[in-house]
Amino acid sequence: MTAARIGERRELGLLLALVAATVVVWALAPTYPNYDTYFHLNWGRQLLHGTAPTFKAYAAPTEHPLFVLMAALAGLFGRSGERVIVLGTLLCWVALVYGTFR
């Protein structure tokens with residue numbers, strides 16, 4: 001086995017360990033979305049119910065279409081959608097760290 005192949009395996013192992021550690025910390029620590037995320041979850045649930053999201057609300061955050069879509073997918077999990085969107089955000093952070101490393 002070449003040195004490059006060994007390096008790739010170590011890198012993959014490190015990535016999997018980082019993903020596993022992130023999931024374990026998420027599962028053990030109580031986490032909650034922030035103010036903006038709750039708005040996006042509501043907008044995503046409105047999409048799931050077949051209605052157009054109502055973006056006009058007092059002190060509503062700026063809407064981000066991809067995050068509304070992600071919130072709609074998290075909304076499929078019902079009340080657990082809050083935790084699912086936090087996990088999705090943490091895994092996106094892991095992907096950003098890995099991409100920066102590469």
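Numbers here are sequence positions counted from 1. In this text the structure is predicted, and so the values were computed from the model without any measurement.
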All N/O donor-acceptor pairs, side-chain side in residues 13-27, below 3.5 Å, sequence neighbours left out:
| residue | atom | partner | partner atom | Å |
| --- | --- | --- | --- | --- |
| T22 | OG1 | L18 | O | 2.8 |
| W26 | NE1 | R83 | O | 3.0 |

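- One finds the CG atom of L91 at 10.5 Å from the CH2 atom of W93 (value rounded to the nearest 0.5 Å).
- The backbone N or O of T54 sits less than 3.5 Å from a side-chain atom of Q46, completing a donor-acceptor pair.
- Residues L41 and L73 do not share a hydrophobic cluster, clusters being chains of Ile/Leu/Val/Met/Phe/Trp/Tyr side chains in contact below 4.5 Å.
- One finds the NE2 atom of H40 at 11.0 Å from the CE atom of M70 (value rounded to the nearest 0.5 Å).
- Classification of the F55-W43 ring pair by plane angle, with boundaries at 30° and 60°, yields perpendicular.
- Under a cut-off of 6.0 angstrom, the local environment of CZ in F101 is sparse, with at most 12 non-hydrogen atoms contributed by other residues, nucleotides or ligands.
- For the atom pair CZ (F39) and CG (N34), the distance works out to 11.5 Å, reported to the nearest 0.5 Å.
- Closest approach of P61 and Y35 over heavy atoms only: CD-CE2, 4.3 Å.
- Taken together through direct or relayed side-chain contacts under 4.5 Å among Ile, Leu, Val, Met, Phe, Trp and Tyr, Y98 and L87 form part of one hydrophobic cluster.
- Nearest heavy-atom pair across V86 and P33 is CG2-N, 4.0 Å.
- Pairing each heavy atom of H64 with each of T62, the nearest pair is CD2-O, 3.3 Å.
- F67 CZ to I85 CD1: the interatomic distance, rounded to the nearest 0.5 Å, is 4.0 Å.
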